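What follows is a set of notes on a single structure, which appears directly below.
In what follows, chains are A, B, ... by sequence order, proteins preceding strands, each numbered from 1. What you see is a predicted model, and the numbers here were worked out from it, not measured in a lab.
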2 protein chains.
Amino acid sequence: MSTFDNIIDAAMAIVRDQGVAKLTLDAAAKAAGISKGGVLYHFKSKDDLIRGMVQRLIDQCDQLNHDYYQRESEGPYRWARTMVHACFDPTGPANDPVGGALLAAITVNPVLMAPIHAMYARWQERLAGDSPDMERAGLVCSAMDGLFFQRLMGIRLGDSAASERLMRHALDLLTPKEGASS
Amino acid sequence: MSTFDNIIDAAMAIVRDQGVAKLTLDAAAKAAGISKGGVLYHFKSKDDLIRGMVQRLIDQCDQLNHDYYQRESEGPYRWARTMVHACFDPTGPANDPVGGALLAAITVNPVLMAPIHAMYARWQERLAGDSPDMERAGLVCSAMDGLFFQRLMGIRLGDSAASERLMRHALDLLTPKEGASS
DNA sequence: TTCACTATACCGTCCAGCCGGTACACAAAC
DNA sequence: GTTTGTGTACCGGCTGGACGGTATAGTGAA
């Protein structure tokens, strides 16, 4: 793997394992097996490193959404259903240390959140495009957000079986039934 | 207002307006109109200050939940409905800078999140006590979490009218209809 | 006078960013 | 084919500033 990506991975791992406060250039360098100078060669500042982490998170989300969208059956709420599946993907951001990018960004410099805002705007558009009921889609996706952030904050509610049931319930809400409104 | 609470308010405001990184003892003191020595008189360390912020958040949540619970009609999902109303309360944590306590805690010292975890455990119990369908309640409450965290991260989706519709939809899902299961 | 509270000065530590230097690969010049 | 030059990747020490925490002195009310 490239040193560039290696550094980002190391930084993510630090945030997950030791907390945002421990993310220093020195620590990231050591975790990546190089020196601080090496880190600063690839990222010209700490902000820049965090920008890279955020971009990684976004890329991963886009990739995951794209993959699941292809697999998802056509019809209403296709994007919303995609989001649900992506949220429960065991290799997705919800379960990976990439989420730490958010904490790092909001902590060190809230301006670095801008790409995230843009990402949400894109999602919003997609949802609006194929959701018969935008409130329904928004609620379910917000719930996915909730689950994601809970994990990010170290809050664990229920086991994997409960997660499975929750996912089914979410998908159920996105499957229009004839003769039943809610 | 007591100096104690004044300092906490000032700290919250800093986190909201300038980001967690700017929350220093000096800054909190200045914002509260006293000196650093004064802050350290009331809180024996920065961790202690953040503990105070977290406690404030929890107290506010408990208070809000209690109030809305009284007003909420009896029946299934009473606690879940309470959570929805509390989430959209304009003076509640979702719209107040108190949420910054979470960011400060997770950033400076993840151990400080312990009271939050306990709070979630309490909520979980309450929900389980009066929710006919725990998945339904969990999903709706997770959505409230999602909205809360989105605001915390500076993500604004939709205006107040959209919020209103979202709230109604959430409450709708918690109002059992005869002859319709989901 | 005592106590609750606040101000000021200071110390030790940590960290971001800078910079001079090294190693190596490749290439053009002679 | 040796020398000289150029660019990339990385190293590690240094420094200036910021921050948490301590010590101590001061102040006003009871």
Do the non-hydrogen side-chain atoms of [X] and [Y] ever get within less than 4.5 Å of each other?
X       : Y       : answer
L57(B)  : I116(B) : yes
V140(B) : L174(B) : yes
D48(A)  : R51(A)  : yes

side-chain hydrogen bond (donor to acceptor under 3.5 Å, both in side chains) involving [X] - partner list, sequence neighbours excluded:
X       : answer
H169(B) : R136(A)
T82(A)  : none
E164(A) : R168(A)

Search all heavy atoms of A105(B) against all heavy atoms of V54(B) and return the closest pair with its distance. CB-CG2, 3.9 Å
On a heavy-atom basis, the closest approach of A32(B) and N6(B) is O-ND2, 3.3 Å
One thing to verify: whether E72(B) and R78(B) come together as a salt bridge, which I'm taking to mean a side-chain N less than 4.0 angstrom from a carboxylate O. no
Only one of R71(B), Q70(B), Q63(B) clears side-chain hydrogen bond (donor to acceptor under 3.5 Å, both in side chains) with D67(B); which? Q63(B)
Scan nucleotides 25-30 of chain D nucleotide by nucleotide, 5' to 3', and note B when protein non-hydrogen atoms come under 4.0 Å of the base, S if they reach only the sugar-phosphate, - if neither. ------
Provide the full list of salt bridge (charged side-chain N to carboxylate O under 4.0 Å, His left out) pairs with a residue in residues 52-65 of chain B, sequence neighbours left out, each pair given once. D5(B)-R56(B), D9(B)-R56(B), D62(B)-R122(B)
According to ring-ring contact (aromatic ring centres under 6.0 Å, His included), who are the partners of F43(B), at least two apart in sequence or on a separate chain? F4(B)
Mind checking ring-ring contact (aromatic ring centres under 6.0 Å, His included) for Y69(A) and listing every partner two or more places apart, or none if nothing turns up? W79(A)
For residues 3-31 of chain A, which residues have at least one heavy atom under 4.0 Å from DNA chain C? L23(A), T24(A), L25(A)
Using a strict heavy-atom distance below 4.0 Å, which residues from residues 41-57 of chain A are in contact with DNA chain C? S45(A), K46(A)
List, one per line, each side-chain donor-acceptor pair under 3.5 Å for residues 141-148 of chain A, sequence neighbours excluded.
from: S142(A); atom 1: OG; to: G138(A); atom 2: O; distance (Å): 3.0
from: D145(A); atom 1: OD1; to: Y120(A); atom 2: OH; distance (Å): 3.1
from: D145(A); atom 1: OD2; to: Y120(A); atom 2: OH; distance (Å): 2.7
from: D145(A); atom 1: OD2; to: Q150(B); atom 2: NE2; distance (Å): 2.7

Could you tell me the boundaries of the chain B footprint on DNA chain C, defined by atoms under 4.0 Å from its heavy atoms? dA4(C) to dT8(C)
Indicate, with a heavy-atom threshold strictly under 4.0 Å, whether I34(A) touches base, sugar-phosphate, or nothing. sugar-phosphate
Can you pull out the residues from residues 99-110 of chain A that lie within a 4.0 Å heavy-atom distance of DNA chain D? none
Decide yes or no on side chain to side chain contact (heavy atoms under 4.5 Å, CB included) for M119(B) and N65(B), but give the supporting numbers first. CA-CA 12 Å; M119(B) 181 178 71; N65(B) 281 337; over 6 Å; no
